[in-house]
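A note on names: the letters A, B, ... follow the listed sequences, proteins ahead of strands, and every chain is numbered from 1. The model shown is predicted, which means the values in this text are computed figures rather than measured ones.
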Amino acid sequence: MFDSLSDKLGGIFDGLKRRGALKEADVIAALREVRVALLEADVALPVVKSFIDKVRTKAVGASVLKSVTPGQQVVKIVNDELVAMLGSDSVGISVDGLPPVVVMVVGLQGSGKTTTTAKIAKRISEKDKKKVLMASLDVRRPAAQEQLKILGEQIDVKTLPIIAGQTPVNIAERALQAARLQGFDVVMLDTAGRLHVDTALMAEVQAVRGATNPQETLLVADSLTGQDAVNVAREFDAQVSITGVVLTRMDGDGRGGAALSMRHVTGKPIKLVGTGEKMDALEDFHPERVASRILGMGDVVSLVEKAGETIEKEDAERMAKKMAKGQFDLNDLRDQLRQMKKMGGMKSVLGMLPGMGKMKQAAAGAQMNDSVFRRQEAIINSMTPKERLKPAMINASRKKRIAAGSGVGVPEVNKLLKMHMQMAKMMRKMSKMGKSGRMPQPGQMPPGFENLIPRG
Amino acid sequence: MSSEKKGWFKRLKAGLSRSKSAVSGGVTGIFTKRKLNAETLEELEDLLIVSDLGVAVAGRVTKALSKDRFDKEISDIEVREVLASEISAILTPVAKPLMINTENRPHVILMTGVNGAGKTTTIGKMAKGYIDGGKRVMLAAGDTFRAAAVEQLQIWGDRVGAPVITKPIGSDAAALAYEALERAITENIDILIIDTAGRLHNREELMAELGKIVRVISKKLEGAPHDTLLVLDATTGQNALHQVDIFGKVAAISGLIMTKLDGSARGGVLVACAEKFKLPVHAIGVGENIEDLQPFNAEEFAAALVGDTEA
Ligand SMILES: Nc1nc2c(ncn2[C@@H]2O[C@H](COP(=O)(O)OP(=O)(O)OP(=O)(O)O)[C@@H](O)[C@H]2O)c(=O)[nH]1
Ligand SMILES: Nc1nc2c(ncn2[C@@H]2O[C@H](COP(=O)(O)OP(=O)(O)OP(=O)(O)O)[C@@H](O)[C@H]2O)c(=O)[nH]1
Ligand SMILES: [Mg+2]
Ligand SMILES: [Mg+2]
């Protein structure tokens with residue numbers, strides 16, 4: 001639905017020749033597109049404005065590197081500034097200190113507080129080996145306390161026994177007492193959803209805060225939030241003084257502009273992101289990934305991670321390592337083909353690679369069918385393990401055997417080998433690009449990928 | 001809002017007046033005794049963007065406003081009126097209440113949406129309205145995934161006095177929907193409302209599951225589900241457009257409900273959705289309580305977006 005910024009900037013600068021330094025007029029034209037891209041990504045308008053001002057100052061007069069176009073240079077400056085504004089380092093949750101350490105989550109209705117509470121509890125009990133007690137202070141939403149209790153059973157973390165009729169402050173105090181008596185290190189307090197404009201409910205959460213003195217007060221917010229993100233973050237921070245933000249539903253296809261908005265108005269770090277409904281779908285926040293998502297640039301890292309959802313984690317890590325080194329053999333190609341089938345086709349995968357805007361449109365136009373993937377997989381299956389590792393050894397007679405084994409013609413085997421060669425080349429290129437931090441050509445697809453689109 | 005009891009309409013106004021304040025304050029700030037020039041137009045466009053209308057729609061609405069008025073003195077009240085009427089013109093064709101056809105035995109309503117949008121709560125509110133109107137309502141706890149989702153709907157069922165058909169967590173949602181429909185038919189129920197688990201539209205396997213629920217229902221009863229509603233959260237930004245697009249394709253969405261308009265989010269993306277998809281908007285949610293569901297009124301919504309002209 002949205003064209004990526006790099007595609008758009010590609011358009012603006014198409015007509016322009018390379019030049020030594022960025023001229024103000026060019027920068028202003030480019031930043032108009034950046035502004036629209038940021039707004040389409042749901043970055044709040046005041047934040048967009050201050051961001052654009054900053055970038056303008058940096059971009060005018062900046063020299064354009066020989067190997068890139070002015071458009072790419074602007075994208076690079078924009079991207080760097082975005083990453084810087086999002087916070088350069090991933091900050092964890094602090095649960096060390098005199099037990100019981102209190103972690104409280106707050107946020108709007110339905111933002112994902114209860115789910116996130118349980119995910120964090122699981123993480124700190126498993127990773128940090130802390131003894132965690134969870135308590136739901138939500139006395140309003142039907143079955144809210146029950147929900148946390150069930151999640152606790154799923155992740156093997158204790159929840160405070162439910163006693164009907166208690167106020168949130170009562171429950172919180174009971175949780176602290178239980179924690180002291182039973183030697184819990186951390187108490188996680190899940191609170192009811194509330195609007196920041198609801199003074200009565202904001203006062204309630206302030207009272208809980210006063211009674212428990214949390215070490216962490218986390219604002220759980222939906223990454224799909226629009227312009228209101230600034231109001232939500234500012235108000236929650238002003239009224240309960242948050243220590244960080246957790247952004248949920250990052251598994252969605254939202255562009256995640258709320259991350260920038262919230263970070264900008266509160267200055268508080270985004271500590272974690274939720275990437276699914278399951279209890280292990282919690283990740284550290286990576287500013288570079290979110291920056292490229294906001295800009296619609298895509299990145300190889302999330303591609304690999306998405307693949308990790310459907311294949312085993314080790315596979316994903318192995319692939320990431322290989323890709324980083326620029327290695328890519330026929331086993332990897334087969335893995336990719338299998339994942340593409342699992343992930344429901346190429347369209348979703350393509351969107352995550354840089355410079356794939358045009359490619360995605362082409363893919364949408366072509367009839368994507370699994371039978372092509374299946375045939376290609378069959379070809380690779382007919383090879384010996386050695387051949388898969390060292391495709392160069394596949395000579396004419398081997399090709400004939402493989403073709404016969406997979407029920408295709410030799411030309412099709414050739415086509416697959418050629419495609420693999422181009423993809424391997426691309427992986428090498430990408431890994432180099434990753435090292436030097438250079439941006440890919442806007443709108444240009446990595447070589448080899450066009451062959452993946454079945455034709456005719 | 002949580003404690004005082006107010007009438008439905010007052011609640012809506014109270015809710016929306018909070019949402020509109022930024023825009024209307026802004027309009028007044030810009031326009032008292034000013035010329036409609038490029039600069040003021042841009043500021044006006046910004047104010048619409050802040051309401052989540054999106055860059056494109058905000059641009060079009062502002063352009064329409066400037067037609068015949070450019071370079072003329074214009075008062076803030078006039079600006080608001082024209083803006084509201086532009087937006088209202090987009091929304092009026094989609095403002096349609098949900099119609100129950102009593103010939104459908106039962107009339108089946110399927111609730112869909114991304115996680116946490118307000119599906120289950122809205123079902124409770126709708127059921128209340130229908131039961132008060134003398135209908136026999138049954139609820140189906142089709143969220144067989146999320147912890148305590150069944151219990152949540154059960155509590156709503158108890159509140160409004162509607163039977164709730166359930167299956168243990170982890171059961172097949174389509175099978176539950178089928179069974180519920182079977183029971184609703186034999187028990188001569190008027191309206192069956194089926195809850196579903198929240199799902200993000202880009203999760204293909206979950207969307208396929210939703211597609212299956214729809215197919216199973218329509219196999220059991222021709223023409224069902226008679227209404228497939230997509231619940232949108234007003235705090236959502238431009239992603240709502242994707243939601244409507246994909247849910248529409250997979251589940252043939254017949255209408256929209258927007259929740260959480262009692263907050264400071266103004267839900268302007270609904271205008272973009274109306275322009276693009278022309279799907280009926282049936283109702284809005286303005287709170288967590290059972291009575292906090294309002295019919296969607298294009299003029300009021302538009303007025304709230306730009307600030308009340310009579311205020
Ligand atoms: N896809 C996805 N869904 C999520 C994520 N986090 C939470 N959810 C889902 O979002 C919905 C709401 O989550 P809850 O944890 O109940 O939200 P809450 O903030 O506690 O809601 P209230 O207590 O009603 O205010 C549920 O369906 C969760 O499964 C996430 O990171 N990704
Ligand atoms: N302020 C406000 N809160 C609402 C409104 N509608 C629903 N909520 C709240 O939003 C939260 C989520 O509502 P649910 O009905 O559980 O949402 P859901 O779509 O069924 O969520 P999942 O099943 O987890 O995907 C709850 O805390 C509701 O009380 C509304 O119109 N205004
Ligand atoms: Mg909750
Ligand atoms: Mg629900």
Side-chain angles (χ1 to χ4, degrees), chain A residues 1-2 35-36 39-42 44-46 48-49 108-112 114-115 118 140-151 153-154 193-201 222-229 231-232 235 248-249 251-255 257-258 276-277 343-345 348, chain B residues 1-3 18-19 22 46-47 49-52 54-56 114-118 120-121 124 145-156 159 169 197-205 208 233-243 245 259-260 262-269 288:
Chain A
M1 190 166 294
F2 304 112
R35 175 181 180 273
V36 173
L39 288 170
E40 280 177 348
D42 287 326
L45 185 68
V48 172
K49 286 188 166 165
L108 296 182
Q109 286 93 347
S111 63
T114 306
T115 310
R140 295 169 50 246
R141 167 171 164 181
Q145 297 186 304
E146 184 74 6
Q147 184 186 357
L148 190 69
K149 175 173 168 248
I150 293 172
L151 293 175
E153 285 159 8
Q154 277 176 21
R194 69 198 72 230
L195 297 169
H196 52 284
V197 290
D198 189 328
T199 38
L201 287 182
D222 186 345
S223 63
L224 307 177
T225 307
Q227 296 287 321
D228 201 35
N231 303 322
V232 175
E235 284 304 315
T248 59
R249 294 185 203 126
D251 48 328
D253 61 357
R255 300 269 295 276
E277 295 165 83
M343 281 189 276
S348 58
Chain B
M1 173 208 50
S2 53
S3 47
R18 265 200 305 274
S19 5
D46 284 356
L47 290 164
I49 287 171
V50 168
S51 310
D52 284 319
V55 187
V114 299
N115 311 77
T120 308
T121 308
F145 176 79
R146 210 206 67 210
V150 174
E151 289 84 343
Q152 186 187 359
L153 190 70
Q154 191 92 57
I155 292 173
W156 278 107
R159 276 186 192 170
I169 204 96
R199 69 198 74 224
L200 289 172
H201 50 283
N202 61 326
R203 296 287 297 275
E204 304 212 11
E205 74 287 7
D233 180 334
T235 46
T236 306
Q238 300 306 303
N239 193 250
L241 286 160
H242 285 246
Q243 295 174 16
D245 184 27
T259 61
K260 309 187 195 175
D262 46 328
S264 63
R266 291 181 279 280
V269 71
E288 294 184 84

Between A:Ala143 and B:Ala148, the two heavy atoms sitting closest are O-CB, 3.7 Å

**4.5 Å side-chain heavy-atom contact, A:His196 and B:Ser264** = yes

In this structure, NZ of B:Lys260 is separated from CG of A:Asp228 (nearest 0.5 Å) by 11.5 Å

When the 4.5 angstrom heavy-atom criterion is applied to A:Leu45 and chain B, the contacting part is side chain

Item to check | Intermediate values then yes/no, salt bridge (Lys or Arg N to Asp or Glu O under 4.0 Å), A:Lys49 and B:Asp46 | outcome: CA-CA 11 Å; A:Lys49 286 188 166 165; B:Asp46 284 356; 2.7 Å; yes

For B:Ala147 and A:Leu151, the nearest pair of non-hydrogen atoms, with its separation, is CB-CD2, 3.8 Å

Value for CG (B:Asp233) from CG (A:Leu224), rounded to nearest 0.5 Å, stands at 9.0 Å

The interface call for B:Gln243 against chain A, heavy-atom contacts under 4.5 Å, is side chain

Cut-off 4.5 Å, heavy atoms of chain B, and the answer for A:Arg141 is side chain

Interatomic distance, CD@A:Gln147 vs CZ@B:Arg146, rounded to 0.5 Å, equals 4.0 Å

Separation between CG (A:Asp222) and CG (B:Asn115), nearest 0.5 Å, reads 8.5 Å

One option among B:Ala234, B:Ala197, B:Gly118, B:Gly116 has the most heavy-atom pairs under 4.5 Å with chain A, and it is B:Gly116

_What I'd like to find out is whether the side chain of A:Thr225 reaches to under 4.5 Å of the side chain of B:Thr236, using heavy atoms alone._
no

One should read off an interatomic distance between B:Thr235 OG1 and A:Leu108 CG, to the nearest 0.5 angstrom, of 6.0 Å

Residues A:Pro142 and B:Arg159: closest non-hydrogen pair is CG-NH2, 3.7 Å

The interface call for B:Glu288 against chain A, heavy-atom contacts under 4.5 Å, is side chain

So, the part of A:Asp253 with a heavy atom under 4.5 Å from chain B: the answer is both

ask   = Distance-only, no hydrogens or angles: does the B:Asp52 side chain make a donor-acceptor pair with backbone N or O of A:Gly226 under 3.5 Å?
value = no

Closest non-hydrogen contact found for A:Leu39 with B:Gln238 is O-CG, 4.3 Å

Separation between CD (A:Gln154) and CD1 (B:Ile169), nearest 0.5 Å, reads 8.0 Å

Answer whether the closest heavy-atom distance between the side chains of A:Gln227 and B:Ile49 falls below 4.5 Å. yes

